[in-house]
Amino acid sequence: MSAPSPPPPARFRLPLAGYLIVLVGICWREGLRFLNQRGRFLSALVRPLVWLFIFAAGFRSVLGVSIIPPYETYVLYEVYVTPGLVAMIQLFNGLQSSLSMVHDREVGAMRILLVSPYPRWYLLVCKLIAGICVSLLQVYAFLAVAWFWEVELPPIGYFTVIPALLLTGLMLGAMGLLMSSLFRQMENFASVMNFVIFPMFFASSALYPLWRVQESSLALWWICTLNPFTYAVELIRFALYGQFAPLPALVVAGCAMVFLAASILAYDPSAGVMARRGGPENAK
Amino acid sequence: MTARSRDIPPLQALDAGVAALDVRGVSHVFGARKALDDVSLDVPAGSFTALLGPNGAGKTTLFSLITRLYDNRSGVIHVLGFDVRRQPAAALSRLGVVFQARTLDLELSVLDNLLYHATLHGVGFHAGRQRALALLEQDGLADRARDKVRNLSGGQMRRVEIVRALMHRPRLLLLDEPTVGLDIASRAALVAQVRALVANEGIGVLWATHIIEEIAPGDRVVVLHRGRVRANGTYEGMLAQTGGEDLSAAFLRLVDDTGESAA
C-alpha cells in the first residue's frame with residue numbers, strides 16, 4: 001500500500017486577486033469583532049478623555065508650556081497633551097490587538113490564520129493594517145470629543161495627521177506583534193503591558209516638553225530621547241498642525257521596519273520562536 | 001473504494017494518482033524529548049485513514065508539521081504531491097484541517113466564521129457565501145447560519161468546523177481527535193459526515209483518534225505510539241498481524257509496553 005512517488009507537480013501560484021481578498025477579509029473580521037466589543041471601544045475612548053478632562057485640567061495652572069514648534073502661540077496644557085493622548089490610543093490599541101493574538105494562540109484560533117496558503121508575512125501585515133484601521137476610528141472619535149473641549153486643531157490637521165497615524169500605528173502595532181510572539185501566556189503578557197505602556201508613555205514627550213525634562217533630570221531626558229514613543233508623539237504633534245517632522249518620521253519608520261522584520265522572523269515556522277518554544281501544549 | 005462526484009473541481013484533475021498525504025521519515029524533537037521518530041505513513045486519495053494512538057503519542061505534533069505550524073527538519077511531507085516545505089502555498093491550499101482545540105470565533109455568526117475562513121484562502125465574499133450556504137444546507141445546519149457560534153451545541157460546532165475546513169475545496173482533510181467531548185449521537189453523526197465525504201467526493205481523510213469504535217472494517221489504520229509507527233495497514237491486516245480477535249485487543253497489544261490504556 002505504499003504511495004506512488006509523487007510526479008513533479010506543476011508550478012503553483014496564488015492568484016493576485018486573492019491577496020486583496022485576504023486583506024479585506026482580515027480587516028472585515030477585525031471590524032466585526034470591534035463592533036461586537038462595545039466595551040473595548042468605550043474604554044479606548046474614555047481612557048484618553050479622563051486624561052484630558054481631569055489630568056490636563058488639573059495641571060493646566062501648574063504646567064505652563066512656552067512657545068515651541070509647532071505651536072505659534074502659548075497653548076493650553078490640554079492642547080499640548082492631545083497628540084500624546086492620540087499616540088496613547090494607538091499604543092493601547094497596538095498592544096491590545098497583539099494581546100488578542102496571544103489569546104488566539106492560546107485557544108487555537110491563530111492556527112486558522114496560519115494555515116492559510118498565503119505567505120505568513122503577508123498575513124501578519126494584513127493583521128497589522130486591520131489593527132491600524134481600528135485605531136484610526138478610535139483616534140477620530142477622541143478628536144471629535146476633544147474638539148468640543150476646545151481642543152480645536154487647524155482643519156487641515158485632521159487630514160495631514162492620517163499618514164502620521166498610519167506610520168505610528170504600524171510601529172506600535174508591530175511592536176505589539178513582536179511582543180505577542182515572545183509570550184506564551186496571557187498572564188505574562190498582561191503584566192508586561194504594565195511594564196511597557198506606562199514607562200513608554202511617561203518617559204516621553206507626551207505629557208511634558210523635553211526641554212523641561214532636561215532641566216530637572218538629564219538622565220530622564222536621555223531616556224525620553226531614546227524612547228521611540230517620543231518620536232511617535234512628535235510626528236503626530238507636527239502632523240496635527242500640517243507640518244512634517246523629518247527626524248521623528250525617520251525614527252518611527254525605522255523602528256517600524258525593525259519591529260516588523262523581527263516579528264515576521266519570530267512567526268516564521270523554520271526560524272522563529274514558534275518552533276523553538278513549541279511543544280504539544282503550545283501547539284493547540 | 002472511491003466514488004468521485006461528477007462536478008470535478010479543477011484541482012482534482014491534477015491530483016489523479018497522487019497520494020493525498022505522503023509522510024516519509026519525519027522526526028521532530030522538542031528540546032531533549034523526541035516527539036516523532038522516523039514516522040512514515042500515507043493517505044491515498046479517497047481513503048479514510050485512522051491515526052490511532054494514545055494521548056501523547058505525537059498525533060498533534062504530526063499535524064503541526066503537516067500544517068506547517070512548525071517546520072519539519074528531517075524527512076519530507078507531500079500533500080497531493082507538493083512538498084509542504086518547498087511549496088507551502090500549493091500544499092496548504094489543498095489541505096483542510098479540523099484542530100483538536102475549538103477554533104471558531106464564538107462572538108461571530110456561523111456564516112461570518114465561514115466567510116472569514118474563505119477569505120483567508122482567497123475565496124471572495126460572494127463565492128464564499130454560496131459555498132457556505134450550500135454546505136450548511138447539505139449538513140442540515142442551514143437554519144443556524146445567522147446564529148452566533150456561542151449558541152450552538154458542541155456537536156454542531158464541530159460540524160461547522162468541518163464545513164469550514166471544506167470551504168476552499170481541499171483534497172485532503174485532517175481531523176485531530178474531532179469527537180473529544182461529544183456524546184455518542186453527535187460522535188456518530190460526525191463520523192458519518194466525514195465518511196460521506198470520502199465516499200462521495202473522493203477526499204483523503206486522516207482521522208486522529210484514540211477511540212477504537214470510530215474505526216470501521218475497510219479503513220486504513222496507522223498506529224502511532226511514543227512517536228513511532230507501530231503498525232501501518234488495513235483494519236483487517238492489523239487483526240491478522242496481531243492475531244487479535246478484535247481491534248482494541250490488537251491495539252492494546254501494540255502499545256502495551258507502557259501499560260497505557262487506549263480508551
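Chain A is the first sequence line, chain B the second, and so forth, proteins listed ahead of strands; every chain is numbered from 1.
Among all heavy-atom pairs drawn from B:L120 and A:Y118, the shortest one is O-CD1, 3.5 Å. Residues B:R68 and A:R120 share a closest heavy-atom pair of O-NH2, 2.8 Å.
Proximity to chain B involves both the backbone and the side chain of A:L113, based on heavy atoms less than 4.5 angstrom apart. Interface remark: B:K148 contributes side-chain atoms only to the contact with chain A (heavy atom separation under 4.5 Å). Both the backbone and the side chain of A:I26 have a heavy atom closer than 4.5 Å to some heavy atom of chain B. Contacts of B:V43 with chain A are absent, with no heavy-atom separation under 4.5 Å from either backbone or side chain. For chain A, the nearby part of B:H117 is the side chain; its heavy atoms alone come within less than 4.5 Å.
Under the 6.0 Å cut-off for aromatic ring centres, A:W28 and B:F125 qualify, their centroids lying closer than that.
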For this session: Would you sort out whether B:L95 and A:V115 count as a side chain to side chain contact (heavy atoms under 4.5 Å, CB included), showing the intermediate values?
Result: CA-CA 9 Å; B:L95 176 70; A:V115 292; 5.9 Å; no
Problem set entry | side-chain hydrogen bond (donor to acceptor under 3.5 Å, both in side chains) between A:R111 and B:S64, intermediate numbers included | CA-CA 9 Å; A:R111 307 187 100 194; B:S64 298; 2.8 Å; yes
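Enclosure of atom CZ in B:R228 is not indicated, since only 12 or fewer non-hydrogen atoms of other residues, nucleotides or ligands lie within 6.0 angstrom.
The distance from atom NE2 of B:H121 to atom CD1 of A:I112, rounded to the nearest 0.5 Å, is 7.5 Å.
Of the listed residues (B:L115, B:L41, B:L92), the greatest number of heavy-atom pairs within a distance under 4.5 Å of chain A belongs to B:L92. Options A:N36, A:L14, A:I21, A:L32 differ in how many heavy-atom pairs under 4.5 Å they form with chain B, and the most are formed by A:I21. Annotation: maximal heavy-atom pairing with chain B below 4.5 Å, among A:P15, A:P117, A:G25, occurs at A:P117.
The closest side-chain heavy-atom distance from A:V22 to B:T119 is not below 4.5 Å.
A salt bridge links A:R33 with B:D105: the closest approach of a Lys/Arg side-chain nitrogen to an acidic carboxylate oxygen falls below 4.0 angstrom.
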